[in-house]
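These notes concern the structure reproduced below.
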Amino acid sequence: MAEPDAANAAPHLVPLPRSVSMHPGELRIAGAVELRDTASAPDAAAALKRTLDALEIGVDAAASVRIHLQRFDDAALGDEGYRLVVGDHVQLVARTDAGLLHAVQTLRQLLPAQPQAELRLPRLEIVDAPAYRWRGLSLDVARSFLPVDYVERTIDRMARFKLNRLHLHLTDDQGWRIEIKRWPKLVEIGGASAVEGGRSGWYTQDELRHLVAYAQARGITIVPEIDVPGHVQAALASYNELACDDEDNLAPYSGLEVGFSVLCLDKPEVVYPFVQQVLEEVLAIFPSREIHMGGDEIKHPRYAEFVSRTAAMVAEQGRTAIFWEEGSVADTAPDVVFQFWNDGYDIAAAVEEGHPLILSPCSYFYIDHGNYAGQPQTYDWCRKEGVPLARLYAFDPTPFPTALGIEAALWTELVHTDAAADNRLWPRLAAAAEVAWTPTAQRRYADFVRRMGALRPHLDAMDIGYHPEPDLGWQSEGSAAE
Ligand code: TNX
């Protein structure tokens with residue numbers, strides 16, 4: 001009986017690898033594999049074991065097919081690159097544990113979504129490495145809280161698409177979500193509020209340490225954001241002395257306005273020790289080299305001075321500060337990172353000075369905007385047509401010479417449930433992953449649509465409540481739109 005030859009078609013992989021060479025034939029796996037782990041790559045080995053468990057493939061030293069994890073110092077692969085060869089056996093090679101983790105994720109996409117009696121892999125060789133080293137998602141857990149188990153699930157799903165930065169927007173007007181032991185009322189009071197209709201709550205330091213380790217084991221660095229000096233109503237409501245003495249609005253806030261609250265920059269003796277003490281506890285939890293200090297949407301005569309001083313504070317602790325683009329008006333060391341979010345903002349001077357950028361222009365990457373124009377419970381202030389999948393995919397980072405990479409941002413003023421978050425994140429986050437991983441010259445939307453469309457069973461197997469995107473042919477069945 002003639003069987004379809006799996007090796008005839010290029011595999012459905014997202015993000016698209018740098019090079020894929022198809023070889024004739026296929027490798028069949030029935031029941032078990034032998035694992036050969038000569039690498040010191042505990043995270044990749046654990047990820048591989050989870051993949052095998054999910055597909056009900058056993059590990060047996062007598063099995064005829066071997067999966068080999070190997071570290072090899074091939075400079076061409078860079079810090080995150082890998083080689084994957086399917087021949088009579090499966091060989092995964094990288095310089096680092098992170099590279100091997102990506103190889104495991106590629107293998108996961110080559111395999112079926114669900115267990116099968118006999119698995120087939122096309123024989124091929126993949127050589128792959130990312131275009132950008134910052135491939136991120138920013139989650140606003142401040143307006144509406146997201147529980148630990150949802151963050152874990154999101155980390156697993158991000159890893160599947162080789163994303164490697166999870167930026168947690170931990171504080172804002174509507175809530176303070178990170179326990180600070182020297183300032184306990186920040187969560188006792190500030191953690192109890194939320195945007196109207198949203199969830200309140202906060203993370204203990206132990207929970208955050210758990211999330212850091214959970215993410216790290218999956219190749220993802222959690223980047224914390226403490227948003228100062230604006231967006232601080234939850235902090236002011238918790239500790240009134242952080243506000244100026246004539247401030248009479250000190251109540252918890254659950255509205256949608258931005259840009260109205262500020263730490264009292266005329267009381268430096270109060271404000272800077274506060275920021276310093278919060279920062280010390282933040283740094284003890286998060287090993288990330290980059291630490292986000294916010295700095296958005298505030299006009300104040302002492303704003304630039306505040307940014308310079310906090311950037312220096314972060315640097316003194318051996319880390320690097322990130323600020324939203326507005327921080328570029330301040331005098332800071334050239335390694336300070338700016339996150340570009342208004343498409344029209346003039347960031348040229350910062351680029352000229354060599355400041356690295358994280359690219360999140362809202363008309364492409366603000367996925368609190370609709371999957372389609374007029375989607376209920378979405379913003380459209382940045383782009384009235386929303387940010388459909390094709391729009392996000394069309395972004396070209398190459399005109400930004402100092403870009404570290406890109407980050408999609410999910411603000412949660414209007415996203416109050418796990419289901420709504422899933423709907424806004426997927427499948428758009430997979431497109432963001434490809435924009436960051438695959439050079440623009442190699443990307444075609446029609447080809448992405450073909451590959452991503454075919455990965456629907458993988459999203460289903462991960463229980464993702466994705467938007468049923470018509471471009472992907474997903475409008476039938478599947479999960480309901482939020
Ligand atoms: C702008 S992006 C904001 C956020 C809002 C978002 C809503 C940025 C630095 N500030 O505070 O949540 O728009 O789309």
Side-chain angles (χ1 to χ4, degrees), residues 139-152 167-212 222-265 267-286 291-294 296 298 310 313 411-413 415-418 421:
L139 273 186
D140 172 8
V141 295
R143 270 54 178 269
S144 182
F145 186 64
L146 288 165
V148 169
D149 70 306
Y150 185 78
V151 178
E152 284 177 4
H167 164 184
L168 290 181
H169 182 75
L170 289 163
T171 69
D172 212 302
D173 291 312
Q174 298 86 346
W176 184 285
R177 310 294 178 210
I178 171 175
E179 176 188 24
I180 302 294
K181 293 187 195 276
R182 288 179 70 169
W183 297 78
K185 288 193 289 183
L186 287 171
V187 290
E188 287 164 19
I189 296 172
S193 55
V195 75
E196 200 178 333
R199 289 184 282 198
S200 58
W202 48 279
Y203 306 114
T204 66
Q205 295 197 354
D206 282 346
E207 286 173 328
L208 290 167
R209 284 200 174 86
H210 160 77
L211 283 174
V212 166
I222 299 190
V223 180
E225 179 185 353
I226 304 299
D227 196 354
V228 282
H231 289 265
V232 291
Q233 190 66 20
L236 305 186
S238 307
Y239 289 98
N240 296 171
E241 65 267 33
L242 297 172
C244 286
D245 299 340
D246 60 356
E247 180 58 64
D248 51 15
N249 174 17
L250 296 166
Y253 183 69
S254 62
L256 298 176
E257 295 302 312
V258 294
F260 59 89
S261 63
V262 63
L263 297 174
C264 187
L265 301 182
K267 294 199 290 193
E269 70 290 356
V270 175
V271 162
Y272 289 102
F274 168 73
V275 173
Q276 174 75 30
Q277 287 167 20
V278 168
L279 188 60
E280 281 168 13
E281 295 195 29
V282 168
L283 298 187
I285 300 166
F286 297 95
I291 304 290
H292 207 308
M293 299 303 292
D296 55 321
I298 198 73
T310 36
M313 244 182 221
W411 303 101
T412 55
E413 286 99 328
V415 177
H416 305 153
T417 62
D418 295 354

Q) Do the non-hydrogen side-chain atoms of Tyr239 and Val270 ever get within less than 4.5 Å of each other? A) no
Q) Does the Glu225 side chain pair with the main chain of His167, one donor and one acceptor, at a distance under 3.5 Å? A) no
Q) Among pairs that include at least one residue of residues 239-261, which meet salt bridge (Lys or Arg N to Asp or Glu O under 4.0 Å), considering only residues two or more places apart or in two chains? A) Asp245-Lys267
(Q) Quick one, Ser254 and Arg143 - any side-chain contact, counting heavy atoms below 4.5 Å? (A) no
Q: Only pairs at least two apart or in different chains count here, so list each salt bridge (Lys or Arg N to Asp or Glu O under 4.0 Å) that has a residue in residues 183-196.
A: none
Q. Taking the side chain from Glu281 and the backbone from Arg182, do they hold a donor-acceptor pair closer than 3.5 Å?
A. yes
Q.
Could you check whether any side-chain heavy atom of Met293 comes within less than 4.5 Å of a side-chain heavy atom of Leu279, counting everything from C-beta outward?
A. yes
Q. With a 4.5 Å limit on heavy-atom distance, are the side chains of Val232 and Thr171 in contact?
A. no
Q.
I want to check something: taking the side chain as every heavy atom from C-beta on, are Leu211 and Val148 in contact at a cut-off of under 4.5 Å?
A. yes
Q) Taking C-beta and beyond as the side chain, do His416 and Val195 meet within less than 4.5 Å on heavy atoms? A) yes
Q. Rounded to the nearest 0.5 Å, how far apart are CD of Gln233 and CG of Asn249?
A. 4.5 Å
Q.
Less than 4.5 Å apart, side chain to side chain, heavy atoms only: is that true for Leu236 and Leu263?
A. yes
Q) Does the pair Asp418 and Leu146 meet the rule for a side chain to side chain contact (heavy atoms under 4.5 Å, CB included), with working shown? A) CA-CA 7 Å; Asp418 295 354; Leu146 288 165; 4.1 Å; yes
Q.
According to ring pair (Phe, Tyr, Trp, His ring centres under 6.0 Å), does anything in residues 246-265 pair up with another residue at least two apart or in another chain? List the pairs.
A. Tyr253-Phe260
(Q) A side-chain contact here means heavy atoms from C-beta on lying under 4.5 Å apart; do Val258 and His231 qualify? (A) yes
